Amino acid sequence: ILLEIQLSNKSYYPDSVHPRTGFGRIWDINRLSDLDLDRYRAGLTSALRRIDALGIRLDAVEPGNEINLAGYNGDLAVYEKPGQATPRHLGELTDPETFGKGLDNYVEALKITRDAVRASANSEAIIVSAGLSDMGPKEADRQGMERLDPGEVIALLKARGMDALVDAYGIHIYPARKDPKAIRSVVTKLLDFCEPADQGLPCWVTEWGIGNRALNCPVDDREREGAMTAMRAAFEQFSEAKRLGAAYYYDWDTEENYRLWRCGKLSPAGALAITPENVY
């Protein structure tokens, strides 16, 4: 079990602060720079006590989700009108200073998380940094949302001392393509900052998925099968190099095209995605 903690949880913020608007295109979201660390500590400690009481074993705990994307971090702007160029680097953000304060807050939240987990019955659980979005700049332009590359945000967090607090870096991968060669290229580029466990910190892919928009039955999953095979091969390469510790397929309940269960049974591509083998 991977326990993912949404840092946008309203109970972690003072009543006096208000979320950043999504202009009706995406949800309004709290600013990471406004996170109340005492509220977070209290909420997390209470939750871990309940988990312990139920006898649930956690393999990993991941505080935060896609904090490099405006969709989950209110310190990044959503533009009222999409279509214009969005930032490519930190200095181009609407408010880089506040984004930096949010990262400072995030590192403090990591300290709280590590201490609370180590004091719980799940003291051996791995601490994974927030799974970062793989959204590219062109898609961000289309949606009108600020984002930064995962590698840049990892570097900013490392400079703030994150490596002493986590056991692995979290990342999400949705390649949005089917060509095996292109998939290998995308995965290799995205996981470039992952390091061998004996030299630094490896990655955990805490979300990945391949879509199939054909919803008819029986399902034609042939194209997705090739993409799944390419993803698995790329993950295997990083696993053998000890640069990848785990990969979780994310079976969306709101995006049917990503689902593995089709027409009343596990689809052929679904079977490929979850076959137990090494980290998978």
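Along the sequence shown, residues are numbered consecutively beginning with 1. Just so we're clear, the structure is a prediction, and the values are computed from it rather than from any experiment.
Atom NE2 of residue His18 and atom CZ of residue Arg31 lie 9.5 Å apart, to the nearest 0.5 angstrom. Between the CZ atom in Phe99 and the CD atom in Glu146 there is a gap of 9.5 Å [rounded to 0.5 Å]. Rounding to the nearest 0.5 Å places OH of Tyr72 at 6.5 Å from CD of Gln6. How far OH of Tyr174 is from CD1 of Ile210: 10.0 Å, rounded to the nearest 0.5 Å. Atom CD of residue Glu62 and atom CG of residue Leu3 lie 9.0 Å apart, to the nearest 0.5 angstrom.
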For this session: Given salt bridge (Lys or Arg N to Asp or Glu O under 4.0 Å), test Arg118 with Asp167 step by step and report yes or no.
Result: CA-CA 13 Å; Arg118 294 296 174 255; Asp167 303 296; 3.5 Å; yes
For this session: Go through the steps for Asp104 and Lys101 under the test salt bridge (Lys or Arg N to Asp or Glu O under 4.0 Å), then give the verdict.
Result: CA-CA 5 Å; Asp104 292 338; Lys101 290 179 180 177; over 6 Å; no
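The pair Arg88-Asp141 counts as a salt bridge, with a side-chain nitrogen and a carboxylate oxygen less than 4.0 angstrom apart. By the 4.0 Å N-to-carboxylate-O rule, Glu225 lies too far from Arg222 to be salt-bridged with it. Taking 4.0 Å as the cut-off between side-chain N and carboxylate O, Asp34 and Arg39 do not count as a salt-bridged pair.
What you find for Gly144 and Arg25 is that their closest heavy atoms are O-NH2, 3.5 Å.
The hydrophobic clustering, which links ILVMFWY residues whose side-chain heavy atoms are closer than 4.5 Å, places Leu132 and Leu103 together.
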